[in-house]
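Naming: A, B, ... by sequence-line order, numbering from 1 per chain. This structure is a prediction, so every number in the text was calculated from the model and none was measured.
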4 protein chains.
Amino acid sequence: MCPRTKIQFEVMREVRRSRILEAAIECFANSGYHSVTISELAVHAGISKGLLYNYFTSKEELLKAILQEILKLMMQLFDPDQTGDLERKDLVHYLETLVTHLKSNLIQWKMYMAIFSQPAVQLILAEEIKAYSGPPLGMVEAYFRNKGCLRPDVEMAFLSTLISGVIFEYISDPENYPLDQIKDRIIQMY
Amino acid sequence: MCPRTKIQFEVMREVRRSRILEAAIECFANSGYHSVTISELAVHAGISKGLLYNYFTSKEELLKAILQEILKLMMQLFDPDQTGDLERKDLVHYLETLVTHLKSNLIQWKMYMAIFSQPAVQLILAEEIKAYSGPPLGMVEAYFRNKGCLRPDVEMAFLSTLISGVIFEYISDPENYPLDQIKDRIIQMY
Amino acid sequence: MCPRTKIQFEVMREVRRSRILEAAIECFANSGYHSVTISELAVHAGISKGLLYNYFTSKEELLKAILQEILKLMMQLFDPDQTGDLERKDLVHYLETLVTHLKSNLIQWKMYMAIFSQPAVQLILAEEIKAYSGPPLGMVEAYFRNKGCLRPDVEMAFLSTLISGVIFEYISDPENYPLDQIKDRIIQMY
Amino acid sequence: MCPRTKIQFEVMREVRRSRILEAAIECFANSGYHSVTISELAVHAGISKGLLYNYFTSKEELLKAILQEILKLMMQLFDPDQTGDLERKDLVHYLETLVTHLKSNLIQWKMYMAIFSQPAVQLILAEEIKAYSGPPLGMVEAYFRNKGCLRPDVEMAFLSTLISGVIFEYISDPENYPLDQIKDRIIQMY
DNA sequence: TATGAATGAGGCTTCATTCAT
DNA sequence: AATGAATGAAGCCTCATTCAT
C-alpha cells in the first residue's frame, strides 16, 4: 500500500534469495549438483518448491548464480583495487588471505572444486572465469619480470600450480592437511 | 556350426569389457558421470543398452570398475616394486613418468579429477583410495626424514601439493600449461 | 488466489489416495499384479504416472497398502469386538455377512485370492496375515470345545475348509455357483 | 546315421523335455510365473537358454504345457475309465486318492493354485478346464440324484466346495493342516 | 506471495527372444 | 544339438517444472 511496503518487500526478497543461495551452496557442495533435487533445496531453504522458482527460473540458473557469487568472492582476494605494482608483501598478504578464506569458507571452496571440475560446467562458465582471472594474472607475471626472473610466465604458472595444489589438498582433507605450515613453506620460497 | 568353446567366450567377454570401459572413460571424462546416459554409453561403445548390463550390473558398478582401473594405473606410477629406500633419482623418475603419463592419458586424468572431486563419489571410493595411496606416501616421508628435513611430514605434504597442482592445472588447460618447464622447476628444487 | 490450507491438502490427498487404491484393486483383480503396468494403473485412476509415486513409493508398496486394506476389511467380518463367547447365532451371522460381503465386494475377494495365492506375495505378507487371523480362530475353537466336540481343532479346520471352499468356488464362477443354497446347507450342519 | 540313432534322439528329447517341465513346475510353484526368468529356468534345468527354446517356443508355451500336464494328472484322479454308475465307495476312493496325491505332489498342486487363480491364466485355459472337468461332475450329480437328494446340483456344488477348500487349506499350510482327519470327517458325512 | 499437487519426459534396468558359432 | 552373447521393447521410477488455489 504505502511505499515502505515496497521497500520492505525488496529487502525480504533479497534476504530470501540469499538464504536460498546459501542453502544451495551447502547442498551442492555436500552432494554435487546432479544429486541434489529441487525438493531438497526447498526444504533446506525452508520454502516451497514453487517459491524457489519465483527467485530462480531454473536449477541451472540457480547454479549459475551461485558460481558467479563464488567467483566474485574469490576474485576479491586478488585485491582488485591495487593500483601500483605488486610487491612481495602483496604476495604474502594474498597467501595469508587465501588461507584464512579457505578455513572460514570451506564449503564454498568445496563447491568451487566440485563444480569447476565438471567438464559441462566448465563450458558454461568459461567466459566468466577468463573475464575475472585475466587482469590479476598479468600483474603477477609483471611482478616476476620486474624481479628479474628468466621465465616470468613459468614462474607465474608455478605459483598458480602451488595455489591450486593448496586448495585441492586442503579441500580434500581439511582435518589433516598442514595448511599453515605449507603456507609458510611457500612464503619462504619467495 | 560347433558351439564356441569356453575360452572363446572368455576372450570375447574380456575384449568387449575393455571396449566398454574405454568408451565409458571417454564419455565420463568429457561430460561427467551424471550427464552421461546409458544410451550414450552404449552408442559410444557400439553395443546395445542391454548388453552393457551383461558386463556391469549397474551404471554405478561401471563407474567403480573404471575408478579402480584408473587407481590401479596411477598407483603403478609410484613404482610399487621398490624394495630399498627412495632416492633423489626415484623422485625425478617419478615426476618424469607422471608428466609422460599425463600427456598420453589426458582423458583418464580428466576423468580422475572430474570424478574424484564429486563428494558423492569420494564417499564411495574413500577406502580404495586410502588402501592404494597409503604405503607410497610413507616412503616419501621416510625419504625426507633421511634427508634431514626438520618437518618431513610437511615436506611430503608440500610435494603432494605440487603434484596435485600440476595435475589440476594441466588438466584444466593442457594447451597452454607449461608442463615440462614446471616439471624442471620442481626437480630443480630438490 | 490464497494458497490452500493444510486441511484442504490433506483432504485432497486422502481422496486421491482412495481413488488410486480403488483403481488398483480393480486392475490387480482383473489381470494380476505383475501383468498390470504403472501406466495402466495411472490411466485407470485418471492421473499421471508420476503422481502415483507421490502417494505410494513403489508398485510393491501400493500392493502392500491394498492388501492391508483388504485384510482389515475382511477381519472386520469376524466381529472382533465380540466380548463374550461365540454362540451358534454368531456363526450364522458370520456366514450371512460373509455371503453378503462376497456378493457386493467380488472384486476385492478376487484380488484377495489372485494375490494371496502368489508365493512371492505370501512371503511379503505372512506376518500381517497371522497377526490378523490369530485371535478369531481361537474363539471358534473354543466354541466347538464348549459344544462338546471331541476334536475341536479338527472341527475348526473343517469350518475353515468350508469357508475357503465357498470363497474359492464363488470367485471362480460367480454366475453359476449356488452361493445362498450352499450357505444354507452349511448352517444346516451346525 | 542308423535308425537306432534317431530313436535314441527321440528318447533323449523326451527325457530332456520332462526335465525342463519338472524344473519349471518347481520354479513357478515357488516364485510364481512372472517372477521366474528364462535364465533361471535354464540353470535349474541344467541347460542353456537357447536350448530351452528348442523345446518350447516361448515362456507362455512352456506354461501351457505345464498346465495341461497338471490338468491331465488331476483328471486321472476322477477315474475316467469308470463305466457304470458312481457308488459311495467310489467317492471314498476318490477322496483317499486325492489326499495321497496332494501329499506326494504338493508342488504341482501349489502351482495349480498359484496359476489358476491368476485371472489372465484363467482366460488362457478356460476351455481346457471345461473340457476336462465336464463329464465327471455329471456323474457326481447323477450319484446324488440316485441317492434321492432333493437338490443334487447343490449337493454336488457342496462337495466341490469341500474339495476346493481342502486343497486350498492344505496347500496354504501343509505342515499344520489336519488333512487326514478332515478327509475322515468328510467321508463320515456321506 | 506461497503451497504442494500434478505432469511427463527421460533415465536406469530387466528379460524374453534371437542368432552366430 | 548347444551355447551364451546380443538385442530392444517395455517396465519402473525420478525429478525439473508448471499450475490451480
Quiz item: How is the base pairing of DNA chain F summarised as a dot-bracket string, given the Watson-Crick and G-U wobble criteria with both distances under 3.5 Å, [ ] for crossing and | for another strand?
Solution: .||||||||||||||||||||

Report all side-chain donor-acceptor pairs from residues 39-53 of chain A shorter than 3.5 Å, counting only partners two or more places apart or in another chain.
unit_1	atom_1	unit_2	atom_2	d
A:Glu40	OE1	A:Thr37	N	3.2
A:Ser48	OG	A:Leu51	N	3.3

Quiz item: Is the side chain of B:Lys110 donor-acceptor paired with the backbone N or O of B:Phe28 at a distance under 3.5 Å, no angle test?
Solution: no

Practice problem: Using a 4.0 Å heavy-atom cut-off, write out nucleotides 14-19 of chain E from 5' to 3' as B (base contacted by protein), S (sugar-phosphate only) or - (no contact). | Solution: BSSBB-

Quiz item: What is the minimum heavy-atom distance between B:Met12 and B:Tyr55, and which atoms define it?
Solution: O-OH, 4.5 Å

Output side-chain donor-acceptor pairs under 3.5 Å for residues 17-26 of chain C, partner residues at least two apart or in another chain, one line each.
unit_1	atom_1	unit_2	atom_2	d
C:Ser18	OG	C:Glu14	O	3.0

Quiz item: Looking at C:Asn54, does any N or O in its side chain come under 4.0 Å of the phosphate oxygens OP1/OP2 on E:dA6?
Solution: no

Self-check item: For the student: nearest non-hydrogen atoms of D:Trp109 and D:Ile171, plus distance
Solution: O-CD1, 3.3 Å

Quiz item: Listed by chain and number, what are the ring-ring contact (aromatic ring centres under 6.0 Å, His included) partners of D:His34, not counting sequence neighbours?
Solution: C:His34

Quiz prompt | Contact summary for C:Arg4 and C:Gln8, nearest pair of heavy atoms | solution = CA-OE1, 3.0 Å

Quiz item: Mind checking what makes side-chain hydrogen bond (donor to acceptor under 3.5 Å, both in side chains) contact with B:Arg13, not counting sequence neighbours?
Solution: B:Asn54

Quiz item: Of all residues at least two apart in sequence or in a different chain, which pass the side chain to side chain contact (heavy atoms under 4.5 Å, CB included) check with D:Thr57?
Solution: D:Glu61

Exercise. Could you check whether C:Leu52 gets within reach of a base, just the sugar-phosphate, or nothing at all, counting any heavy atom under 4.0 Å?
Key: nothing

Quiz item: By side chain to side chain contact (heavy atoms under 4.5 Å, CB included), which residues pair with A:Glu10, not counting sequence neighbours?
Solution: none

Exercise. Round to a whole Å and report the spacing from CD of D:Glu40 to P of F:dG4.
Key: 16 Å

Exercise. Would you classify B:Tyr55 as touching base, sugar-phosphate or nothing, given that sugar-phosphate means primed atoms plus P, OP1 and OP2, and contacts are heavy atoms under 4.0 Å?
Key: sugar-phosphate

Quiz item: Does anything in residues 6-25 of chain C reach DNA chain F, meaning a heavy atom under 4.0 Å, and if so which residues?
Solution: none

